[in-house]
Amino acid sequence: MTDSAESGSSTSSPRATGLVLGAPVDLVTMEGAMARIGELIARGEPSQVVTADASGLVAAQTDSLLASIYRSAELVTADSIGVLWALGRGGHKLGERVSGVDLVDRICAASADNGWRIFFLGSAPGVAETAAEKLRLKYPGCNIVGTRHGYFPAESDALVAEEVAAFQPDVLFVAMGIPRQEKFIAATKAIHRAKVSIGVGGSLDVFSGRAKRAPAIIQRLNLEWLWRTLLNPKKLPKALTLPRFVWMVLTRR
Ligand code: UDP
């Protein structure tokens, strides 16, 4: 269930990972994830961070490109209660999730002090800009240098990546849903050359105020996915992958 792998950079710490449905998930809490992201930015080469949830790991069982992205990403965080549970079965008690929403929040907070340049790509027109405005108010000096909506065909990926490149971001958040955002990043990171690109799903909807986060108690119980599903029945198919995920983990040899 567990393995260790060198990160590929002589300046980075070695990675400790646990395998979940064949995908390596880094055994990091938020502090460890932030440290690794800081290292990746300092390294300066384009790198990919995946926030892994049960739906993505199930999708990767039949999507070989997505599976290869999990394997080649420089950091894969445990973004759901299901992934924490699967890691726990293998003897890795992580204790907390590292979600896309929390990474956006922490990286924006850190960007003023570190000078990190941030770009928001994704969500419906206007959402990324509103999210940026709200985060600039929350964290004065937060260095969001550009935004763009995420409604464009895959054939335009390279063109959009060139638009992003003009802003020279250190961190690119891509909020276009799984697996579109992961595939966009893998296909275009050599063009936009953001030092760290992270797929963050519906996070910009949350920061813009379009989607509400669950009350803190529900977040602490790791039941935010259930809260969001109840508020938005379109998320039901995604929620239904959780029992499938559990079954796959229990029956995997
Ligand atoms: N989205 C987008 N382009 C698309 C399809 C979706 O930018 O072609 C956005 C959508 O507006 C939403 C996000 O992608 O903000 C997906 O959010 P969701 O919570 O469904 O993501 P998940 O993490 O569940 O995959």
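Both ligands and their constituent atoms are indexed starting at 1 by order of listing. Computed from a predicted structure; not experimentally measured. Just so it is clear, the values below take in all heavy atoms, side chains as well, and ignore hydrogens, waters and symmetry mates.
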**Message:** Please determine whether residues Leu103 and Leu121 belong to a single hydrophobic cluster, defined as Ile, Leu, Val, Met, Phe, Trp and Tyr linked transitively by side-chain heavy-atom distances below 4.5 Å.
**Reply:** no
**Message:** Between Asp53 and Ser55, is the side-chain hydrogen bond (donor to acceptor under 3.5 Å, both in side chains) condition met? List the steps.
**Reply:** CA-CA 6 Å; Asp53 69 6; Ser55 76; 3.0 Å; yes
Which protein non-hydrogen atom lies closest to [atom], naming both residue and atom, and how far is it?
| atom | answer |
| --- | --- |
| atom 3 (N) of ligand 1 | Gly150 O, 2.7 Å |
| atom 25 (O) of ligand 1 | Ile178 N, 3.0 Å |
| atom 9 (C) of ligand 1 | Ala175 O, 3.4 Å |
| atom 10 (C) of ligand 1 | Tyr151 OH, 3.4 Å |
| atom 24 (O) of ligand 1 | Lys238 NZ, 2.5 Å |
| atom 7 (O) of ligand 1 | Ser123 N, 2.8 Å |

**Asked** For ligand 1, is Lys235 a contact, meaning one of its heavy atoms is under 4.0 Å away?
**Response** yes
**Message:** If the contact criterion is a heavy-atom separation under 4.0 Å, does Leu204 count as touching ligand 1?
**Reply:** no
**Pair Asp102-Ser99, side-chain hydrogen bond (donor to acceptor under 3.5 Å, both in side chains): steps then yes or no** = CA-CA 5 Å; Asp102 290 334; Ser99 71; 3.1 Å; yes
**Asked** How about Val50 and Glu74: do any of their side-chain heavy atoms sit closer than 4.5 Å?
**Response** no
**Prompt:** With a 4.5 Å heavy-atom cut-off, do Lys195 and Leu40 have their side chains touching?
**Reply:** no
**Asked** Any ion pair linking Lys183 and Asp63 (charged N to carboxylate O, less than 4.0 Å)?
**Response** yes
**Prompt:** Would Arg15 and Asp26 pass as an ion pair if we require N to O under 4.0 Å?
**Reply:** yes
**Message:** Using 30° and 60° as the class boundaries, would you call the ring planes of Phe184 and Phe152 parallel, tilted or perpendicular?
**Reply:** perpendicular
What atoms of ligand 1 come within less than 4.0 Å of a heavy atom belonging to [X]?
| X | result |
| --- | --- |
| Ala124 | 11 (O) |
| Gly122 | 7 (O) |
| Asp205 | 12 (C), 15 (O) |

**Prompt:** Between Ser55 and ligand 1, which part of the residue brings a heavy atom under 4.0 Å of the ligand: side chain, backbone, both or neither?
**Reply:** neither
